[in-house]
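Since the structure comes first, as structure tokens, the remarks are kept for the end.
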Number of protein chains: 2
Amino acid sequence: MNIPAKSEIKRKDLIRATIQLVNNNGFHATPMSKIAKMAGVSAGTIYLYFENKQDLVNQVYIEVKSAFTRYAFKNYEEGMEVEEGFKIIWKNIAEFKLQEVEEAFFLSQCDNSPIIDEAGRQEGLKHLQPLLDLWKKGQKQGLIKEVSPYTLYAFSIYPIAFLMNMQQRGSLRLNAHNIDAAYEMAWNSIKK
Amino acid sequence: MNIPAKSEIKRKDLIRATIQLVNNNGFHATPMSKIAKMAGVSAGTIYLYFENKQDLVNQVYIEVKSAFTRYAFKNYEEGMEVEEGFKIIWKNIAEFKLQEVEEAFFLSQCDNSPIIDEAGRQEGLKHLQPLLDLWKKGQKQGLIKEVSPYTLYAFSIYPIAFLMNMQQRGSLRLNAHNIDAAYEMAWNSIKK
DNA sequence: ATTAAATGAATGAACGTTCATTTTTATATT
DNA sequence: AATATAAAAATGAACGTTCATTCATTTAAT
């Protein structure tokens, strides 16, 4: 196990603080001074780790997005049957959004607003390639509807974000039973 | 035909400007001075129509949300068969999001961020009641899955917002054929 | 003793909001 | 119809605050 350098600890603290504050107040209503205070450093220190505020949130976005992707493809291998593979990935994503609430909420806020510039967004999109490949394979095998990957994503993955938001607001309580039902709906919508 | 008072024209101009600017820059990155300039009034004038900035976006939100709801239930009547009624409402919502892009984009941004305070959000939620009633009827008749209305919404309505965002970013081009396919996916996910 | 890391007060730009003043509109008087 | 007067609407410069960023100085590490 690597012992992280102190500087790396501070960087993580800053990222954690940014996520929390942006979740609660939004990007522009989150002053650098508060981020610094929450991370336990002084205002100027942020600029040793990040160029400026925009660079800070870009880096946070990319970091969280790739944590998400790592989580999404846990236990998944390319050789798998289409339905089995999809189920694993779907459940991973659901689990991430329920376990890592702060990070998931941050992502959904970024993905639905102009906070992140186009460069950061492109960077974040790449990572879902294995899922797109799986869908393509499923379409070749006649298992999955012949619609664009965006449409498949819209009906099978995107709804998870809504469920998470509702749970976050206390309007909904998700348990294993609910999640199984939701998975069935996702699969029913994309299967041929 | 009513001729709107001049003051009402200015109010509408301010609302239109707010939608456009918040869509492009986000709420906090949209100064009152720019809203005023785009609406063709001076900064101080805004405060004759709205208490303050928060009140402005709250009112914009409520106004756009109720325009959306009116659109959603066009040609719908309570006596209808469940599947027919759902199809009409679904297509209305899709049409709104494709025709009234600015307004739809504004709503999706508000619904995924802390811009709108809880009061405004509650106000906006009420309006979907007829759809919730229709779903309840469908569940009684054994036509629709026995899951919470949030879950039904997540899989059948919420995806439309994603498709619209992608079309807005040029990643996707929606035509009548696409939309029919998308409707099938929505129905497949919620039907029993 | 040298280098690197961190600090936090200072700076200047930008913002929301106010209000004394001006401009426009409506009403009354000749 | 023309003019005078009052009321309403609109203006935009000014105010106080907040913010991102900088940098001379201090503290810690090597």
Side-chain angles (χ1 to χ4, degrees), chain A residues 2-61 106 109-110 113-117 119-120, chain B residues 2-61 106 109-110 113-117 119-120:
Chain A
N2 278 343
I3 297 172
K6 271 194 185 167
S7 70
E8 195 50 33
I9 292 177
K10 262 179 201 171
R11 215 188 85 98
K12 292 283 179 202
D13 285 348
L14 283 165
I15 286 178
R16 211 190 339 268
T18 304
I19 292 170
Q20 282 210 18
L21 289 167
V22 171
N23 278 350
N24 287 319
N25 313 314
F27 172 59
H28 285 288
T30 299
M32 296 295 261
S33 56
K34 270 193 193 159
I35 296 175
K37 184 171 278 181
M38 180 173 269
V41 302
S42 92
T45 306
I46 299 181
Y47 293 85
L48 302 174
Y49 296 87
F50 305 93
E51 267 185 43
N52 50 41
K53 199 181 177 185
Q54 183 66 53
D55 179 53
L56 167 60
V57 12
N58 277 342
Q59 287 200 38
V60 174
Y61 178 78
F106 179 82
Q109 197 174 151
C110 288
S113 81
I115 297 175
I116 300 294
D117 53 28
Chain B
N2 278 342
I3 297 171
K6 272 196 186 164
S7 70
E8 196 49 35
I9 291 178
K10 262 179 202 171
R11 215 188 86 98
K12 291 283 179 203
D13 285 347
L14 283 165
I15 286 178
R16 211 189 341 267
T18 304
I19 292 171
Q20 281 210 18
L21 289 167
V22 170
N23 277 351
N24 287 318
N25 313 313
F27 171 60
H28 286 288
T30 298
M32 296 295 261
S33 55
K34 270 194 194 159
I35 296 175
K37 184 171 278 182
M38 181 173 268
V41 301
S42 93
T45 306
I46 299 180
Y47 293 85
L48 302 174
Y49 296 86
F50 304 95
E51 266 186 45
N52 50 42
K53 198 180 176 184
Q54 182 67 51
D55 179 54
L56 168 59
V57 333
N58 277 342
Q59 287 200 38
V60 174
Y61 178 78
F106 179 82
Q109 196 173 153
C110 289
S113 81
I115 297 175
I116 299 295
D117 53 28

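Just so it is clear: chains get the letters A, B, ... in the order the sequence lines come, proteins before strands, and each one is counted from 1.
Residue pairs that meet the salt bridge (charged side-chain N to carboxylate O under 4.0 Å, His left out) test with at least one member in residues 35-57 of chain A, sequence neighbours left out, do not exist here. Residue pairs meeting the side-chain hydrogen bond (donor to acceptor under 3.5 Å, both in side chains) criterion with at least one member in residues 12-29 of chain A, sequence neighbours excluded: A/K12-A/E63, A/D13-A/R16, A/N23-A/E102. Note on residues 17-27 of chain A: no pairs pass salt bridge (charged side-chain N to carboxylate O under 4.0 Å, His left out), not counting sequence neighbours.
Between the CD1 atom in A/I19 and the OG1 atom in A/T30 there is a gap of 12.0 Å [rounded to 0.5 Å].
With sequence neighbours left out, A/V57 forms a side-chain contact (heavy atoms from CB on, under 4.5 Å) with A/F27, A/I115, A/I116. Every residue meeting the side-chain contact (heavy atoms from CB on, under 4.5 Å) condition with A/T45, not counting sequence neighbours, appears here in chain and number order: A/V41, A/S42, A/L48, A/Y49.
Regarding A/I35, its CD1 atom lies at a distance of 10 Å from the P atom of D/dT21, rounded to whole Å. Regarding A/L48, its CG atom lies at a distance of 16 Å from the P atom of D/dA28, rounded to whole Å. The distance from atom CG of B/D13 to atom P of D/dA10 is 11 Å, rounded to the nearest whole Å. Put simply, CD1 on A/I46 is 10 Å from C1' on D/dT21, counting in whole angstrom units. Whole-Å rounding puts the B/K10 NZ to D/dA9 P distance at 10 Å.
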Any N/O pairs under 3.5 Å between the protein and nucleotides 14-19 of chain C? List them or say none.
unit_1: C/dG16; atom_1: OP1; unit_2: B/K53; atom_2: NZ; d: 2.6
unit_1: C/dG16; atom_1: OP2; unit_2: B/M32; atom_2: N; d: 2.6
unit_1: C/dT17; atom_1: OP2; unit_2: B/Y47; atom_2: OH; d: 2.6
unit_1: C/dT17; atom_1: OP2; unit_2: B/K53; atom_2: N; d: 3.0
unit_1: C/dT17; atom_1: O5'; unit_2: B/Y47; atom_2: OH; d: 3.3

